[in-house]
Amino acid sequence: MLSLFRVVSYGVELPDDYLAAVQHAVSEAGGDIVELENFQNDRFKATILTVGYDGDTAAGLSALRAAVKPVITETLGTAVMPAELAGPHRKMLIMDVDSTLIKQEVIELLAEHAGTHVEVAAVTEAAMRGELDFAQSLHARVETLRDLPVDVTERVRETVQLSDGAAELVEAFLDAGHVVGVVSGGFSQILDPLAAELKLHYWRANLLGTAEGALTGLVDGAVVDRAAKEASLREWAEAENIDLAQTIAIGDGANDLDMLAAAGLGVAFNAKPAVRDAADAAINIPYLDVARLFAGV
């Protein structure tokens, strides 16, 4: 049987020798290049190959991904996905927030106001590498925020910056009639207004406890951890009647791993090594809207 795949190469620049190496690797793996398309905006360049493979989808993905992996560099990427992902079906994009949708880690911005930034940043880094239990690490970090005035969340919210290309990515999916959601180990006080501004369909985050005008140092309710992120993907896809094969998940840390694995395409964005290794594709340049090309949006 013939299976079709989409092979997307991308970088701030795309040298001819890199593209030639990708095409050679695809051909050596048994792929037949049937179409080539170039893309360019003011941030990055891309070349999209449509590739035929004599075999089923699973065999083709395995062979083509293994073939291009040695060619990929720290700044030049190539992702392989079934061509059907770029078809007319309704899709869902689900993203992590801190260091993915936005440039910063909100817990660290809050910790700056508490004078605990150094210790909180160290714990965050270890948790994102998967060295600490996320829920336990979150409770420990939030406890350092106890007695900060509630309005600190408003001040932090004003400093949050979207990742480059994030607004363009969200707008493109929404304009095409697709579903966009975000799920965060961060905090609703920061995420709620941002999600509303971006007109997202779904969002979920932790809620900082408050009492008498101050933060309590506690998280109200269950922690949004890696299991909750995967559950959100499945819940929202089911609610929208979207097959998991038509979902794209993007994240950077260990708590995103289950969500990335469950999605039709799991994308690591400037991620920790363990996350890059586990993901189906990796974006190692600071432009989130590269992911548009994976889904043909």
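Computed from a predicted model, the values in this text were never measured in an experiment.
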(message) Could you walk me through whether Leu85 and Leu265 satisfy the side chain to side chain contact (heavy atoms under 4.5 Å, CB included) test, starting with their C-alpha distance in whole Å, then the side-chain angles of each, then the deciding distance to 0.1 Å, before giving a yes or no?
(response) CA-CA 9 Å; Leu85 186 63; Leu265 185 73; 3.9 Å; yes
(request) Specify the closest pair of heavy atoms between Ala268 and Arg276, including all atoms of both residues, with the distance to one decimal. (result) CB-CA, 3.9 Å
(message) In the structure I gave you, are the side-chain heavy atoms of Gln246 and Met92 within less than 4.5 Å of one another anywhere?
(response) no
(message) Rounded at 0.5 Å granularity, tell me how far CD1 in Ile283 sits from CG in Asp252.
(response) 12.0 Å
(request) Nearest 0.5 Å please: distance from the OG atom of Ser9 over to the OH atom of Tyr18. (result) 5.0 Å
(message) I need the single residue from Leu169, Ile94, Leu200, Ile248 that forms a side chain to side chain contact (heavy atoms under 4.5 Å, CB included) with Val180. Which is it?
(response) Leu200
(message) Between Thr247 and Leu233, is there a side-chain heavy-atom distance shorter than 4.5 Å?
(response) yes
(request) Would you give the length of the straight line joining atom CG of Leu288 to atom CG of Leu162, rounded to the nearest 0.5 angstrom? (result) 9.5 Å
(message) For the residue pair Glu105 / Thr124, report whether a side-chain donor-acceptor contact shorter than 3.5 Å exists.
(response) no
(message) For a quick test of reading the model, state the closest non-hydrogen atom pair linking Ala21 to Val71 and the distance between them.
(response) CB-CG1, 3.7 Å
(message) Just to verify, which of Leu191, Val224, Val97 counts as forming a side chain to side chain contact (heavy atoms under 4.5 Å, CB included) with Val183?
(response) Val224
(request) Answer yes or no: is there a side-chain heavy-atom contact under 4.5 Å between Val179 and Leu93? (result) no
(request) Could you state whether Val8 and Val80 fall into the same hydrophobic cluster, counting links through intermediate Ile, Leu, Val, Met, Phe, Trp or Tyr residues with side-chain heavy atoms under 4.5 angstrom apart? (result) no
(request) State whether the side chain of Ser62 and the backbone N or O of Ala58 hold a donor-acceptor pair below 3.5 Å, judged by distance alone. (result) no
(request) Please tell me if the side chains of Leu76 and Pro15 come closer than 4.5 Å, counting only heavy atoms from C-beta onward. (result) yes
(message) With a 4.0 Å cut-off on N to O distance, would you call Glu131 and Lys272 a salt bridge?
(response) no
(request) Would you please test Tyr53 and Asp32 for side chain to side chain contact (heavy atoms under 4.5 Å, CB included) and show each step? (result) CA-CA 6 Å; Tyr53 183 86; Asp32 180 25; over 6 Å; no
(request) Answer yes or no: is there a donor N or O on one side and an acceptor on the other, between the side chain of Arg6 and the main chain of Ile48, under 3.5 Å? (result) no
(request) For Asp289 and Arg292, indicate whether the former's side chain and the latter's backbone hold a donor-acceptor pair under 3.5 Å. (result) no
(request) Check whether any side-chain N or O of Asp280 sits under 3.5 Å from a backbone N or O of Gly266 as a donor-acceptor pair, and report yes or no. (result) yes
(message) I'd like to know if the side chain of Gln189 and the backbone of Leu208 have a donor-acceptor N/O pair within less than 3.5 Å.
(response) yes
(request) Indicate, with yes or no, if Val106 and Val223 share a hydrophobic cluster defined by side-chain heavy-atom contacts under 4.5 Å among Ile, Leu, Val, Met, Phe, Trp and Tyr. (result) yes
(request) Please answer whether the main-chain N or O of Phe44 pairs with a side-chain N or O of Asn41 as donor and acceptor at a distance below 3.5 Å. (result) yes
(request) If the plane angle is over 60° it's perpendicular, under 30° parallel, otherwise tilted; pick one for Tyr202 and Trp236. (result) parallel
(message) Membership question, hydrophobic clusters at under 4.5 Å side-chain separation (ILVMFWY): are Phe134 and Leu260 in the same one?
(response) no
(message) Within a 6.0 Å radius of atom CD on Gln104, are there more than 12 heavy atoms belonging to other residues, nucleotides or ligands?
(response) yes
(message) If hydrophobic clusters are built by linking Ile, Leu, Val, Met, Phe, Trp and Tyr wherever their side-chain heavy atoms come under 4.5 Å apart, do Ile107 and Ile102 end up in the same one?
(response) yes
(request) Inspect the surroundings of NE2 in His24 and state if more than 12 heavy atoms from other residues, nucleotides or ligands are less than 6.0 Å away. (result) no
(request) Using a 4.5 Å cut-off on heavy atoms from C-beta on, say whether the side chain of Glu37 contacts that of Leu49. (result) no
(message) What verdict does the side chain to side chain contact (heavy atoms under 4.5 Å, CB included) test give for Phe187 and Leu110, after you've listed the backbone C-alpha separation in whole Å, the side-chain angles of each residue and the deciding distance to 0.1 Å?
(response) CA-CA 11 Å; Phe187 308 107; Leu110 290 166; 3.9 Å; yes
(message) Is a donor from one side chain sitting under 3.5 angstrom from an acceptor on the other, for Tyr10 and Thr78?
(response) no
(message) Taking Ile33 as the starting point, is it possible to reach Val7 by hopping between hydrophobic residues whose side chains are less than 4.5 Å apart?
(response) yes
(message) Do Leu138 and Asn206 make a side-chain contact, defined as non-hydrogen atoms from C-beta onward lying under 4.5 Å apart?
(response) yes
(request) To the nearest 0.5 Å, tell me how far Leu4 CG sits from Thr50 OG1. (result) 7.5 Å
(request) Evaluate whether atom CG of Asn38 has more than 12 neighbouring non-hydrogen atoms of other residues, nucleotides or ligands under 6.0 angstrom away. (result) yes
(message) If you compare all heavy atoms of Asp56 against all heavy atoms of Phe5, which two are closest, and at what distance to 0.1 Å?
(response) O-CZ, 4.3 Å
(message) Test your reading of the model: is there a side-chain donor-acceptor pair from Ser163 to the backbone of Ala166, 3.5 Å cut-off?
(response) no
(message) Main chain of Ala228, side chain of Asp225: is a donor-acceptor contact present, judged purely on distance under 3.5 Å?
(response) yes
(request) Output, in order, the C-alpha distance, side-chain angles, deciding distance and verdict of side-chain hydrogen bond (donor to acceptor under 3.5 Å, both in side chains) for Thr153 and Arg157. (result) CA-CA 6 Å; Thr153 59; Arg157 190 164 60 232; 4.8 Å; no
(message) Is any side-chain heavy atom of Thr47 closer than 4.5 Å to one of Phe39?
(response) no
(message) Assess, by modelled atom type and distance only, whether the side chains of Tyr287 and Glu168 contain a donor and an acceptor separated by less than 3.5 Å.
(response) no
(message) Working to the nearest 0.5 angstrom, can you tell me the gap between Lys69 NZ and Leu64 CG?
(response) 14.5 Å
(request) Please indicate whether Asp151 has more than 12 foreign heavy atoms, meaning atoms of other residues, nucleotides or ligands, lying under 6.0 Å from its CG. (result) yes
(message) To the nearest 0.5 Å, what is the distance between CD on Glu240 and NE2 on His178?
(response) 12.5 Å
(message) Donor-acceptor pair, distance only, cut-off 3.5 Å: does the side chain of Lys199 make one with the backbone of Ala195?
(response) no
(message) Looking at every non-hydrogen atom in both residues, tell me the closest pair between Arg204 and Ser232 and how far apart they are.
(response) NH1-OG, 2.8 Å
(request) Report the C-alpha distance between Lys45 and Val12 in whole Å, list the side-chain angles of each, state the deciding distance to 0.1 Å, and finish with yes or no for side chain to side chain contact (heavy atoms under 4.5 Å, CB included). (result) CA-CA 6 Å; Lys45 298 177 181 179; Val12 175; over 6 Å; no
(request) Taking only Lys NZ, Arg NE, NH1 and NH2, and the carboxylate oxygens of Asp or Glu, determine whether Asp98 and Lys103 approach each other closer than 4.0 Å. (result) no
(request) Looking only at non-hydrogen atoms, find the nearest pair between Leu174 and Leu198 and report the distance. (result) CD1-O, 3.4 Å
(request) Over all heavy atoms of both residues, which pair between Val152 and Leu215 is shortest? Give the atoms and the distance, please. (result) CG1-CD1, 4.1 Å
(request) May I ask you to test the Asp256-Arg226 pair for a side-chain heavy-atom distance under 4.5 Å? (result) no
(message) Taking Arg234 first and then Glu238, would you say they form a salt bridge - that is, a charged N and a carboxylate O separated by under 4.0 Å?
(response) no
(request) State, without any angle test, whether Arg155 and Thr159 hold a side-chain donor-acceptor pair at a distance under 3.5 Å. (result) no
(message) For Arg141, is there any backbone N or O sitting under 3.5 Å from a side-chain donor or acceptor partner on Thr144?
(response) yes
